[in-house]
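Take a look at the structure set out below.
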Amino acid sequence: MKHKTILKFIVVIGIMLLATILIGATKVQAVEITDETLQEVANILPNKIQLDLKEVEYEKATATIVKEVEKSLNSNNITYNKKEEWGYPTYNLQGEFENISFSINDIHFYSIEGIREYYIYLRADSSNKYNNKKIELVYNNSDKYNKADEQIVKNLKITPAGYYEVELNKNTSFGNMFEVAGKYYMNMVNDSSITIKAYAGAGDGMPLNLMTGESGTYIAIFRNGILYDVRGVGNDITIPSITIPSNISEDKINEYILNIVKPEYKSFIEMLSETEEISFDESKIKVSKGAIYHFRESVSVNKDGTLNEKYRDITIPNGYTISYEGMEEDGYLIARRETSTSTITKTDTSTNIKLETTSNVVPENTQLEVKKLTTGNTYSIVEKAINNEVSKFVLYDITLKSNNTTIQPNGKVKISIPIPNGYDTSKIVVYRIAENGTKTKYDTTINNGYVTFETDHFSNYVVAEETTTTNNGSGTTTEPTETPKQPTTKPTTSGKLDDTPKTGADNTMSVISSIVSVLSIIGIAILKKF
C-alpha cells in the first residue's frame, strides 16, 4: 500500500510538471522575437518590385508595394491581421512571427534614391528590436536615365520662392501647398520636358498661412519622366490673396480685412481649445499694412556641429500683417485694390484661333501662339488617347507668352477654334491632352463656324468628331483606374478571407490543452489500477 501511494504521487507530479513545461515553452515561443526571426521575415519580403509606371508617377507605386508584400506573405503561409493606422495599412503577423508588425507608407523623396528604394521597418513589439527591409523599385522608364539629361537638370537655375500666393478659400491643405510650389518652379524653368514636384516632411498650420517646418520644402526635378535631382528650397509659406472692392475707402481697408480674417482665426482658436485652455477673442486681432517675411533659404552643418543658416527678408507686395495677442507667429495676407479692367482679344493669323479675356486674367502684352501638329511624339500620344472615341481630329499646341516667357492665365479665358471643313457640328468635341495621355473634355458651344470653350490652362488641344453623338456638353477628365483597396480581413493560407481573430498562440494552446487532457486521462486510468 505504501508503494502504491508513492507511485500515485510520482504520476501526478510527473503530469503536472510535463504540462507546466509544455505551456511555459509555448508562452516563450509566442513572445520571444530574435534578430534572426526578424531577418527571416525580411528574407520573405520581395527584394525588387517591377512597376508599370514612370518614375514621375512614383506616388502610385504604394499600391503595387502593398500587393507584392501581401503576395509574399500569403505564398509563405504567413497569417496576419491588417488594419489602417494613420491612413496607412499596418500588418500584425501571427503564428510563429507573432509580435512582429510593419506599415506601408506613401513614397516620398529626400534624395534621388528616395523613389527608387523603399524601406519596410519590421518591429518586434515585445522586445523593441528592429530590422529595415530594403526593396528596390524599378520603373518602366528607369533604363532611359542618361547623363545628358542629368547635366541639363543640374544646370537649372532655381531661386527659392520664399512664399506662394494662393486664393484665400483654397489655402486648405499641405497637398495644395506643394501643388502650388511645383507649378511655381515649373513656370520658372519654362521647359515642357521638365516636371517638378514638391514635398516637406513636416509643417505648421496658422490661421491664414501654411509653412513647412525646419527641414523646409524639397523639390524633385524630373526630365522626360525620370528623376535627376532633389533640392531643398527653404521653409516656404503660402499667403492668401483677396481683392479690396473699389468702393472701400483707404481708412476702411483694415476693418474690411479684419472681417475677412476673423472667421479664420475663430476656427483656428476653437481647434486649439480642444487641447489647450484658450478661447477666441476678436479684440486680440490686429491688422497692419505692410508685411516682411523672414525667410530661411538654406541651412548647413559646420564642422563643429553648429548650424549655418542663411536668411533673407522678403517684402510682400500689397502685404498686410495680422497678429493675434499671445500667438507667437504673425499671419500674412495679400490685399489688392480692385482696378478697372480692359478687354483683351487675340487672334492667331495662321489658324484663325481666337482668345477673349480681360487684363486681370492675362497681361495686356500677351501673345497668342498656335502650332498645328500633324506628326511627332505628341501627335502619337494624342492619337492613342482618343483613337477609339473619334473618327477624325485636328491637334493644336496653344501657348500664351508675355515678355517672351510662357505664361498661364490667372483665371478663365475664352477660346474659339474654327470647325474643320467636313466635320459634323453635332459631333464636335474639344479635348485637352496632357503629356501622359490624360484627356480633359470641355463644355463647348457652336456658333458661326467656331467651337468655343473656356479654359485656365494652355497645352495641346484637339478638335474632333466623335464616332457617336455623345456630346452632351459635360466636361469630363479621364484618370487612371484606381487600384482596388486590399481586403482588411486577414487571408488564410488557402487565400480565402477569415474574419475570425486567431493567433498562433491560440492554436498552439488548443493543442497543448488537448495533450494535457490526454495525459490527465491516462494518469487517472493508471491511478485507478492502483
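Nothing here was measured: the structure is a model prediction, and the numbers come from that model. Sequential numbering from 1 along the given sequence is applied to the chain's residues.
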Any Lys/Arg nitrogen of [X] or [Y] sitting under 4.0 Å from an Asp/Glu carboxylate oxygen of the other?
| X | Y | result |
| --- | --- | --- |
| K412 | E454 | no |
| E250 | R337 | yes |
| K441 | E389 | no |
| K144 | E55 | no |
| R116 | E113 | no |
| K354 | E356 | no |

Side chain to side chain contact (heavy atoms under 4.5 Å, CB included) evaluation trace for V189 with I221 = CA-CA 10 Å; V189 171; I221 309 175; over 6 Å; no
Non-hydrogen side-chain atoms of [X] and [Y] separated by less than 4.5 Å:
| X | Y | result |
| --- | --- | --- |
| E179 | K183 | yes |
| Y110 | Y199 | yes |
| I194 | L156 | yes |
| V362 | P409 | yes |
| I49 | Y118 | no |
| T321 | Y332 | yes |
| L137 | I65 | yes |
| V413 | T455 | yes |

Say you draw a straight line from [atom1] of [X] to [atom2] of [Y]; how long is it, rounded to the nearest 0.5 Å?
| X | Y | atom1 | atom2 | value |
| --- | --- | --- | --- | --- |
| I322 | I257 | CD1 | CD1 | 6.5 Å |
| Q408 | T399 | CD | OG1 | 8.5 Å |
| T195 | I226 | OG1 | CD1 | 11.5 Å |
| I196 | M188 | CD1 | CE | 8.5 Å |
| I316 | I239 | CD1 | CD1 | 3.0 Å |
| H108 | Y58 | NE2 | OH | 7.5 Å |

Would you name the heavy atoms of [X] and [Y] that are closest together and state the gap between them?
| X | Y | result |
| --- | --- | --- |
| S279 | Y324 | O-OH, 3.7 Å |
| D229 | V153 | CB-CG1, 3.6 Å |
| V180 | V166 | CG2-CG1, 3.8 Å |
| I353 | V370 | CD1-CG1, 3.7 Å |
| P89 | V66 | CG-CG2, 4.1 Å |
| I417 | Y396 | CG2-CE1, 3.7 Å |

Does the [X] side chain pair with the main chain of [Y], one donor and one acceptor, at a distance under 3.5 Å?
| X | Y | answer |
| --- | --- | --- |
| T347 | N352 | no |
| K346 | T366 | yes |
| S359 | S342 | yes |
| E136 | N47 | no |
| N141 | G225 | yes |

Begin with the C-alpha distance, continue with both residues' side-chain angles, and end with the deciding distance and a verdict on ring pair (Phe, Tyr, Trp, His ring centres under 6.0 Å) for F268 and F280.
-> CA-CA 9 Å; F268 183 78; F280 175 69; over 10 Å; no
Atom CG of D52 with >12 non-hydrogen neighbours under 6.0 angstrom =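 Check fails, neighbour count at 12 or below.
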Would the number of heavy atoms belonging to other residues, nucleotides or ligands and lying under 6.0 Å from NZ of K266 be above 12?
->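 Counting other residues, nucleotides and ligands, NZ of K266 stays at 12 neighbours or fewer.
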Any chance the side chains of Y139 and E57 put a donor and an acceptor closer than 3.5 Å?
->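 Distance-only check fails for Y139 and E57.
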Go through the side-chain N and O atoms of N436 and T438 and say whether any donor and acceptor fall under 3.5 Å apart.
->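 Distance-only check passes for N436 and T438.
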Stepwise side chain to side chain contact (heavy atoms under 4.5 Å, CB included) test for I428 and T444 | CA-CA 9 Å; I428 292 293; T444 61; 5.6 Å; no
Go through the steps for D397 and F458 under the test side chain to side chain contact (heavy atoms under 4.5 Å, CB included), then give the verdict.
-> CA-CA 8 Å; D397 177 5; F458 282 88; over 6 Å; no
Within 45° cone and under 6.0 Å: K197 NZ/CZ vs F109 ring =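 No, K197 and F109 do not form such a contact.
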I would like to know whether E165 and R336 meet salt bridge (Lys or Arg N to Asp or Glu O under 4.0 Å); could you show each step before the answer?
-> CA-CA 12 Å; E165 182 176 341; R336 294 187 180 88; 2.7 Å; yes
Evaluate the side chain to side chain contact (heavy atoms under 4.5 Å, CB included) criterion for residues L395 and E383: first the C-alpha distance (whole Å), next the side-chain angles of each, then the deciding distance (0.1 Å), finally the verdict.
-> CA-CA 9 Å; L395 171 61; E383 189 175 33; over 6 Å; no
Angle class for the H294/Y311 ring planes (parallel below 30°, perpendicular above 60°, tilted otherwise)?
->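 The rings of H294 and Y311 lie parallel, inter-plane angle below 30°.
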Applying the ring pair (Phe, Tyr, Trp, His ring centres under 6.0 Å) test to Y461, which of Y431, Y442, F393 qualifies?
->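 Testing Y461 for a ring pair (Phe, Tyr, Trp, His ring centres under 6.0 Å) against Y431, Y442, F393 leaves exactly one candidate, Y442.
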Does the ring pair (Phe, Tyr, Trp, His ring centres under 6.0 Å) test come out yes or no for Y164 and Y184, once each step is laid out?
-> CA-CA 8 Å; Y164 311 107; Y184 175 91; 5.6 Å; yes
D191 and S193: CA distance, side-chain angles, deciding distance, side-chain hydrogen bond (donor to acceptor under 3.5 Å, both in side chains) verdict | CA-CA 5 Å; D191 183 339; S193 69; 2.8 Å; yes
